[in-house]
Amino acid sequence: MLDRNFVRANLDFVRKRLSTRGGDYSIEELVSVDAELKKIVLRSDDLRRQRNEASEEIGRLRKSGQDTSVRQSQVKEISNEIKSLEETSRSLEEKLNSILHGIPNLPHETVPAGSDEAANAEVRRWGTAPHFDFAPLDHVDLGTALGILDLDRAAKIAGTRFSLLRAAGALMERALINFMLEVHVTQHGYTEVLPPFVANSTSLFGTGNLPKFATDLFRLEGTDYYLIPTAEVPVTNIYQNEILEGETLPQKFVAYTPCFRSEAGSYGKDTRGLIRQHQFNKVELVKFAHPDKSYEELEALTRDAEEILQRLGLHYRVVVLCTGDMGFSSAKTYDIEVWLPSQNRFREISSCSNFEAFQARRAGIRFRGADGKRQFVHTLNGSGLAIGRTWLAILENYQQRDGSVVIPQALRPYMRGLEVLRK
RNA sequence: GGAGAGGUGUCCGAGUGGUUUAAGGAGCACGCUUGGAAAGCGUGUGUAGGGGCAACCUUACCGGGGGUUCGAAUCCCCCCCUCUCCGCCA
């Protein structure tokens, strides 16, 4: 959510920055509704003042035994006028909010302009793609043949876009979770949290998932509970409506959670395999940062996520998303993309974003600065990493001619020393 | 799920319709006092909006939302959360 006062004072700038995102946002209407609302609030504040004064006077008069009926009917009239003004201001406020809540964050000035992913810019690249002197298989064929992946039975249990891991496959999933948590906690200084896997609508509003993206979520019928689409939601909301002490920033959290996404509108996309699932595991990094430091923190967070891929020896690149490809709440996003031999290209395995004050304003997350003034923190997060995609990247990148898969060194301590996955 | 008790400022805590401008205390800040400190004394100390160059003025806020009333922290209704007991349950 943008700051109303900022929008009002920087109309051209806001319009210009928003235009790079594509889509039409009713800035003019926002400003006119805001001005109208202000007038009404001014008027009703004044009426309230009159009412307070008169009511007090009635109290005094009564005490001295005087008649107050004339005064009372006057105040009654004032109250009626206030009531009707309140109705108007309520409807204006609803209008204002529905506009304001639908406006995405302003892209940071360092974000390249562009309408879709073609305008994303590669920032750096690490490692090299593996060379195979045989035709590499994809993770579905590999995993199924190894007996560690069973998509058919998962479909029987739940449906399409769900998976069932078996034996060493399940073990590797669990090992990846532990490995990533350990690295981020012991090497990068994050505090581990294990949050609820369900969140209410207030929390989802705070992170920007609601009201605009309700169809992406699974809602528990007849309740205000939603399955979380990412740990970002519960972890960012840890400090919902709180004022933090400035010295405690930055605060860094890492959380493992499963993630649930309806994937409405992605029917034709990535239908094969583990790339796009209704349920997947993820280790997420979340930071609450001082506004002056948040871009440094974004660089550091991205590096923290990259280090996981380096330790696993997986070839990847980092791209900065262009204005048109960024998520609703983000001011700047780096995607980390891992090399997938079966697709002969890079695929997203992590998305690291600085939301600046956009989420903090929605969720009411502030801090007390050195001058004693309160301001909104900046929130950041990034996958560190998506477990399912890491799992399949290992299968594809470490496969051998005989269909076996070498387990990366870094992971072996978490897998009872197992070195190779084979039938 | 049932019964009961609660939710007031940074914290504790008083307050069942009108000098509440939220008592009192603790904490914190500043000052006085002191060789220094503690104690003591004094003053100040919430959030969000609007107005003013400023001192200041003003509106809202006592878990959230409605209502009654000239006037609501206080009365009524709905909801949320916490605690205790019971039931159920891993």
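All chains are named by letter (A, B, ...) in the order of the sequence lines, taking the proteins before the strands, and each is independently numbered beginning at 1.
- For Glu56(A), the salt bridge (Lys or Arg N to Asp or Glu O under 4.0 Å) partners at least two apart in sequence or on another chain are Arg60(A).
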Restricting both atoms to N or O, compile the protein contacts to nucleotides 18-20 of chain B shorter than 3.5 Å, with distance only.
{"from": "rG18(B)", "atom 1": "O6", "to": "Arg62(A)", "atom 2": "NH1", "distance (Å)": "3.0"}
{"from": "rG18(B)", "atom 1": "N2", "to": "Ser55(A)", "atom 2": "O", "distance (Å)": "2.7"}

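- Judged by distance alone, the side chains of Asn105(A) and Glu356(A) never bring a donor and an acceptor atom under 3.5 Å apart.
- Every residue was checked against the salt bridge (Lys or Arg N to Asp or Glu O under 4.0 Å) condition with Arg303(A), not counting sequence neighbours, and none meets it.
- Taking the six-membered ring for Trp and the full ring otherwise, Phe197(A) and Phe260(A) have centroids separated by 6.0 Å or more.
- Listed by first and then second residue, the salt bridge (charged side-chain N to carboxylate O under 4.0 Å, His left out) pairs involving residues 156-166 of chain A are Asp150(A)-Arg166(A) (not counting sequence neighbours).
- For the pair Gln50(A) CD and rC70(B) P, the computed distance is 17 Å after rounding to whole Å.
- Only Val75(A), Lys76(A), Ser79(A), Lys83(A), listed by number, bring a heavy atom of residues 74-86 of chain A to less than 4.0 angstrom from any atom of RNA chain B.
- Looking at heavy-atom distances under 4.0 Å, Arg366(A) makes contact with sugar-phosphate atoms alone, never a base.
- Checking the phosphate oxygens (OP1, OP2) of rA48(B), a side-chain nitrogen or oxygen of Arg374(A) falls inside 4.0 Å.
- Distance from the side chain of Gln72(A) is smallest for rC70(B) among the nucleotides rA60(B), rC70(B), rG46(B).
- Base pairing of rG71(B) is not made with any nucleotide, judged by Watson-Crick or G-U wobble geometry with both donor-acceptor distances under 3.5 Å.
- Across all strands shown, rA55(B) remains unpaired; no Watson-Crick or G-U wobble contact has both distances below 3.5 Å.
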Counting only pairs under 3.5 Å, give me each side-chain donor-acceptor contact of residues 94-101 of chain A, with atom names and distances, residues two or more places apart or in other chains.
{"from": "Asn97(A)", "atom 1": "ND2", "to": "Glu93(A)", "atom 2": "O", "distance (Å)": "3.4"}
{"from": "Ser98(A)", "atom 1": "OG", "to": "Lys95(A)", "atom 2": "O", "distance (Å)": "3.0"}
{"from": "His101(A)", "atom 1": "ND1", "to": "Asn97(A)", "atom 2": "O", "distance (Å)": "3.3"}

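- With both ends at atom P, the span from rG27(B) to rU16(B) equals 28 Å, rounded to whole Å.
- An OP1 or OP2 oxygen of rG66(B) is reached within less than 4.0 angstrom by a side-chain nitrogen or oxygen of Arg90(A).
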List, with names and distances, any nitrogen or oxygen atoms from the protein found under 3.5 Å away from nitrogen or oxygen atoms belonging to nucleotides 73-78 of chain B.
none

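- Across all strands shown, rC83(B) forms a Watson-Crick or G-U wobble pair with rG4(B), both key distances being under 3.5 Å.
- OP1 or OP2 of rA60(B) lies within a sub-4.0 Å distance of a side-chain N or O belonging to Asn52(A).
- For residues 10-21 of chain A, every residue pair satisfying the side-chain hydrogen bond (donor to acceptor under 3.5 Å, both in side chains) rule, not counting sequence neighbours, is listed here: Asp12(A)-Arg15(A), Arg15(A)-Glu28(A).
- Comparing rU45(B) with rC57(B), their P atoms sit 12 Å apart, to the nearest whole Å.
- Going from atom CD of Gln375(A) over to atom P of rU47(B) covers 14 Å, rounded to whole Å.
- The cationic atom of Arg362(A) (NZ for Lys, CZ for Arg) lies less than 6.0 Å from the six-membered ring centre of Phe205(A) and within 45° of the ring axis.
- Taking atom CD1 of Ile40(A) as the reference point, atom C1' of rG50(B) lies 15 Å away to the nearest angstrom.
- Here salt bridge (charged side-chain N to carboxylate O under 4.0 Å, His left out) pairs that include residues 253-272 of chain A, with residues two or more places apart or in two chains, are Asp138(A)-Arg272(A), Asp141(A)-Arg272(A), Glu263(A)-Arg276(A), Asp270(A)-Arg276(A), Asp270(A)-Arg347(A).
- Residue pairs that meet the salt bridge (charged side-chain N to carboxylate O under 4.0 Å, His left out) test with at least one member in residues 238-247 of chain A, sequence neighbours left out, are Glu245(A)-Arg368(A).
- Under the Watson-Crick or G-U wobble criterion, with both distances below 3.5 Å, rU10(B) is paired with rA26(B).
- Whole-Å rounding puts the Arg48(A) CZ to rG49(B) P distance at 16 Å.
- Glu232(A) pairs by the salt bridge (Lys or Arg N to Asp or Glu O under 4.0 Å) definition with nothing, not counting sequence neighbours.
- Residues satisfying the ring-ring contact (aromatic ring centres under 6.0 Å, His included) criterion with His278(A), sequence neighbours excluded, are Phe162(A), Phe218(A).
- Residue-level contact check: Arg49(A) touches the backbone only, with heavy atoms under 4.0 Å from sugar-phosphate atoms and none from bases.
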